[in-house]
Novice: 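Have a look at the structure that comes next, please.
For this chain, numbers begin at 1 and follow the sequence in order.
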Amino acid sequence: IWSLSSSWAMEKAAASEVNTMTIGAVLADSAFEDASGEPYRLSDSQHDGPWILLYWASWCPSCKEVLGRADALAAKAAEEGAALLLVNKLDGVKETKEQALAWLAANGIQTETVFDPEATHYDALHLAYVPTVLVAGADGVVTSFASGGVPQDTALLSMLREAKYGKSARMEAVVAE
C-alpha cells in the first residue's frame, strides 16, 4: 500500500511542479477557435479586464458538475470586471467539437466557449487535469490556477483580485471583508 500511495503522491507532486510553469504564461495571443472554426484571441476581444479560463471536456464528470455553475460563475466574474471563457480541450478522438457543442446545448449552458484544437494550448501550458481554471490579468498573463476543479467563490474572487490588483491589494481586500 505504501508504494501505491507513494506513487500517487509522486505523480501529484510532479503534476504540481509542471503546473507551476503555467504562472506567468502569456495567453493574450493564444489562438483558440470559436464554434464556427474562426480564430479567437484574447487580445482581439473587446474585454479589457481579467480573464478566467476554464478548461473542460464533456467526458469529464467533474467538468460536468462545474459547468452546471458556469453561467452563474460568468455573472459573478462580470460583477468583478472579469470574463469567464470556457475552453474545451479537443483531442479529436475522446472529445470533438460536435460532442462538446451538443453537450453544451443539451445542458443549456450559455457561457462563451472556445475550443483548443488538439489540446495545443493545454499541452503548451503543461496542464495535467480537467477541469483546470487559469486566471489571467487584462494583459493575458496567468497569475494563478487551480487544477482538478473550480475553487469556491471566495477563493476564485481572491484569485481575480490578485490578477486585477496584485497580491498586496488582494490581501487588503480579503482583510477588509
Novice: May I ask whether Leu134 and Leu90 are part of the same hydrophobic cluster, defined by side-chain heavy atoms of I, L, V, M, F, W, Y residues being less than 4.5 angstrom apart, directly or through others?
Specialist: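 Cluster IDs for Leu134 and Leu90 differ.
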
Novice: What residues, two or more places apart in sequence or in another chain, satisfy ring pair (Phe, Tyr, Trp, His ring centres under 6.0 Å) together with Phe32?
Specialist: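 With sequence neighbours excluded, Phe32 shows a ring pair (Phe, Tyr, Trp, His ring centres under 6.0 Å) to His121, given in chain and number order.
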
Novice: With Asn107, which residues qualify under side-chain hydrogen bond (donor to acceptor under 3.5 Å, both in side chains), at least two apart?
Specialist: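 Here no residue qualifies.
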
Novice: Indicate every side-chain donor-acceptor pair of residues 76-84 with a distance under 3.5 Å to a residue at least two apart or in another chain.
Specialist:
| unit_1 | atom_1 | unit_2 | atom_2 | d |
| --- | --- | --- | --- | --- |
| Lys76 | NZ | Asp153 | OD2 | 2.6 |

Novice: For Asp34, give me all partners under side-chain hydrogen bond (donor to acceptor under 3.5 Å, both in side chains), at least two apart in sequence or on another chain.
Specialist: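 Once residues adjacent in sequence are excluded, the partners of Asp34 under the side-chain hydrogen bond (donor to acceptor under 3.5 Å, both in side chains) criterion are Ser36.
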
Novice: Going by salt bridge (Lys or Arg N to Asp or Glu O under 4.0 Å), name the pairs with one or both residues in residues 48-66, residues two or more places apart or in two chains.
Specialist: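 Residue pairs passing salt bridge (Lys or Arg N to Asp or Glu O under 4.0 Å), neighbours aside: none found.
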
Novice: Who passes side-chain hydrogen bond (donor to acceptor under 3.5 Å, both in side chains) against Ser62, sequence neighbours left out?
Specialist: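 By the side-chain hydrogen bond (donor to acceptor under 3.5 Å, both in side chains) rule, Ser62 matches no residue at all.
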
Novice: Classify the angle between the aromatic ring planes of Trp56 and Trp103 as parallel (below 30°), tilted (30 to 60°) or perpendicular (above 60°).
Specialist: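 Trp56 vs Trp103 ring planes: tilted.
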
Novice: Got a sec, which pairs hit salt bridge (Lys or Arg N to Asp or Glu O under 4.0 Å) with one end in residues 111-133, sequence neighbours left out?
Specialist: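 Matches after skipping sequence neighbours: none remain.
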
Novice: Looking only at atom types and distance, does a side-chain atom of Thr143 sit under 3.5 Å from a main-chain N or O of Val135, one as donor and one as acceptor?
Specialist: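 Yes, the answer is positive, given that a donor and an acceptor are paired below the 3.5 Å cut-off.
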
Novice: Tell me whether Leu73 shares a hydrophobic cluster with Val133, the cluster being built from Ile, Leu, Val, Met, Phe, Trp, Tyr side chains joined at under 4.5 Å.
Specialist: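 Leu73 clusters together with Val133.
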
Novice: Group every Ile, Leu, Val, Met, Phe, Trp and Tyr by side-chain heavy-atom contacts under 4.5 Å, then state whether Val87 and Leu101 land in the same group.
Specialist: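 Cluster IDs for Val87 and Leu101 differ.
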
Novice: With sequence neighbours left out, what residues match Ala75 under side-chain contact (heavy atoms from CB on, under 4.5 Å)?
Specialist: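 Listed in chain order: nothing, the list is empty.
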
Novice: Any salt bridge (Lys or Arg N to Asp or Glu O under 4.0 Å) pairs touching residues 92-110, not counting sequence neighbours?
Specialist: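 Listed by first then second residue: Glu33-Lys97.
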
Novice: With a 4.5 Å cut-off on side-chain heavy atoms, are Leu67 and Leu54 touching?
Specialist: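 Side-chain contact under 4.5 Å: yes.
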
Novice: For the residue pair Tyr129 and Gly148, what are the closest heavy atoms and their distance?
Specialist: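 Closest approach of Tyr129 to Gly148, heavy atoms only: CB-N, 4.0 Å.
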
Novice: Tell me the closest heavy-atom pair linking Ala57 and Asn88, and the distance in Å.
Specialist: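 Closest approach of Ala57 to Asn88, heavy atoms only: CA-ND2, 3.8 Å.
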
Novice: Could you tell me if the side chain of Leu125 sits less than 4.5 Å from the side chain of Leu27, heavy atoms only?
Specialist: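 Yes, at least one pair of side-chain atoms sits under 4.5 Å.
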
Novice: Ser144: which residues meet the side-chain hydrogen bond (donor to acceptor under 3.5 Å, both in side chains) condition with it, sequence neighbours left out?
Specialist: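 Counting only residues at least two positions away or on another chain, Ser144 forms no side-chain hydrogen bond (donor to acceptor under 3.5 Å, both in side chains).
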
